[in-house]
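Notes follow once the structure below has been shown.
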Amino acid sequence: MRIMGNLYTDNLIGTVIGLSVADDWEGARREWEIVGCEVDETHSATCVCGKEGLRYVYTIANTETGETLSPIGSSCIKKFEQSDMDEELAGWQQAIKLMEEAARIGKEDYVHLHSGSYSRKLLYFLYEQDAFRPTKYNGYDGYNDYLFLLDMFNGGFCSEAQERKCQAIIMQSIYPWLRNLWKKSKSQKGKIDNGK
């Protein structure tokens with residue numbers, strides 16, 4: 001498969017193939033996965049393809065060589081045409097939206113589980129990213145909190161006690177993970193490179 005494209009696409013393909021085991025796009029594109037995301041509020045990041053003004057900056061890694069590429073924009077990630085990368089991209093995009101909402105409302109408030117900001121896919125993504133901390137309340141297994149929130153999300157109604165537990169999980173696990181992501185994004189301003 002050859003993506004017909006422009007200079008941006010050719011730059012992406014050349015860079016990816018150059019850092020891959022495979023020597024063609026079809027093979028090389030399958031060696032990569034998303035390993036991180038940052039928000040560049042200054043829009044100063046430039047994708048490895050050459051496109052300027054990125055706000056959402058992704059890092060991808062080659063599973064065969066260990067090489068990483070950053071910054072990568074979401075448009076370039078879609079060019080890999082991998083369903084698992086597309087799902088990961090969607091998860092990061094939902095997490096960023098929730099992170100931005102959480103940053104706006106402050107530490108004392110929280111985004112309710114049934115506010116429209118959460119989804120089953122987002123909850124699973126957060127679990128996969130280790131956002132659910134092991135605590136004595138979940139038997140030192142974050143998976144139990146993930147299952148609880150998923151059950152509450154699927155049920156659509158929470159008792160007062162269940163709502164308090166949802167709030168505790170969101171405030172003590174999910175929000176700290178999101179704030180850490182937000183702080184990391186803020187501290188990375190000016191440190192973004194093209195992996196060269």
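Keep in mind that what you see is a predicted model, and the values were worked out from it rather than measured. All residue numbers in this chain count up from 1 along the given sequence.
The CD1 atom of I169 sits 12.0 Å away from atom CG of L126, with the distance rounded to the nearest 0.5 Å. In this structure, NZ on K79 lies 13.5 Å from CZ on R29, to the nearest 0.5 angstrom. Here the OG-CD distance, from S119 to Q94, works out to 3.5 Å after rounding to the nearest 0.5 Å. For the atom pair T46 OG1 and K51 NZ, the distance stands at 11.0 Å (nearest 0.5 Å). Within the model, atoms OG1 of T135 and CD of Q172 stand 7.5 Å from one another, a figure rounded to the nearest 0.5 Å. For the atom pair NZ of K165 and CG of D145, the computed distance is 6.0 Å after rounding to the nearest 0.5 Å.
The side-chain heavy atoms of Y58 and S74, taken from C-beta on, include a pair separated by under 4.5 Å. Side-chain contact between Q129 and E88 is present, with at least one heavy-atom pair separated by less than 4.5 Å. Side-chain atoms of H112 and E163, non-hydrogen and from C-beta on, do get closer than 4.5 Å to each other. Between H43 and L54, every side-chain heavy-atom pair lies at or beyond the 4.5 Å cut-off. Residues C47 and P71 form no side-chain contact, since every pair of their non-hydrogen atoms from C-beta on lies 4.5 Å or further apart. Using a 4.5 Å cut-off on side-chain heavy atoms (C-beta onward), E67 and W32 make contact. By the 4.5 Å heavy-atom criterion applied to side chains, L69 and L19 are counted as neighbours. In this structure, V39 and V57 have side chains that are not in contact, with every pair of non-hydrogen atoms separated by 4.5 Å or more.
For the residue pair R120/N154, the side-chain donor-acceptor check at 3.5 Å is satisfied. In this model, a donor atom of one side chain and an acceptor atom of the other lie less than 3.5 Å apart for S44 and D40. Between E31 and N62, the side chains place a donor N or O and an acceptor N or O closer than 3.5 Å (distance only, hydrogens not considered). Between the side chains of E33 and T63, no donor-acceptor pair of N or O atoms lies under 3.5 Å. Remark: the S20 side chain and the E64 side chain contain no N/O donor-acceptor pair separated by less than 3.5 Å.
A22 approaches G27 most closely through the heavy-atom pair CB-C, 3.5 Å. In plain terms, the two heavy atoms of I77 and D86 that are nearest each other are O-OD1, 4.5 Å. In terms of heavy atoms, P176 sits closest to I170 at CD-O, 4.1 Å. The heavy-atom pair separating I17 from D24 by the smallest distance is CD1-C, 3.8 Å. Between N11 and C49, the closest heavy-atom pair is ND2-O, 2.8 Å. Here the closest non-hydrogen pair linking L122 and G91 is CD1-O, 4.1 Å.
Both Y124 and F148 are members of a single hydrophobic cluster when ILVMFWY side chains are connected at heavy-atom separations under 4.5 Å.
For Y56 and W92, the ring centers sit 6.0 Å or farther from each other. The ring of Y127 has its center closer than 6.0 angstrom to the ring center of Y143.
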In sequence, state the C-alpha distance, the side-chain angles, and the governing distance for C76 and V48, and then conclude on side-chain contact (heavy atoms from CB on, under 4.5 Å). CA-CA 9 Å; C76 281; V48 296; 5.9 Å; no
CA sep, side-chain torsions, deciding dist, call: I34, L89, side-chain contact (heavy atoms from CB on, under 4.5 Å): CA-CA 8 Å; I34 301 172; L89 178 63; 4.1 Å; yes
Evaluate M85 against I60 for side-chain contact (heavy atoms from CB on, under 4.5 Å), listing each step before the verdict. CA-CA 10 Å; M85 277 183 98; I60 60 173; 3.9 Å; yes
Any chance you could lay out the salt bridge (Lys or Arg N to Asp or Glu O under 4.0 Å) test for E100 and R179, step after step, and finish with the verdict? CA-CA 9 Å; E100 290 172 338; R179 285 191 186 101; over 6 Å; no
Could you walk me through whether T59 and C37 satisfy the side-chain contact (heavy atoms from CB on, under 4.5 Å) test, starting with their C-alpha distance in whole Å, then the side-chain angles of each, then the deciding distance to 0.1 Å, before giving a yes or no? CA-CA 6 Å; T59 301; C37 179; over 6 Å; no
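Looking at N138, its side chain never comes within 3.5 Å of a backbone N or O of N144 through a donor-acceptor pair. A donor-acceptor pair under 3.5 Å is absent between the side-chain atoms of E101 and the main chain of L98, judged by distance alone. Counting only distance, with no hydrogens or angles, the side chain of S173 and the backbone of R133 share a donor-acceptor pair below 3.5 Å.
Ionic pairing of E81 and K78 is not present here: no N-O contact between side-chain nitrogen and carboxylate oxygen is shorter than 4.0 angstrom. The pair E87-K121 does not count as a salt bridge, with every side-chain nitrogen at least 4.0 angstrom from each carboxylate oxygen.
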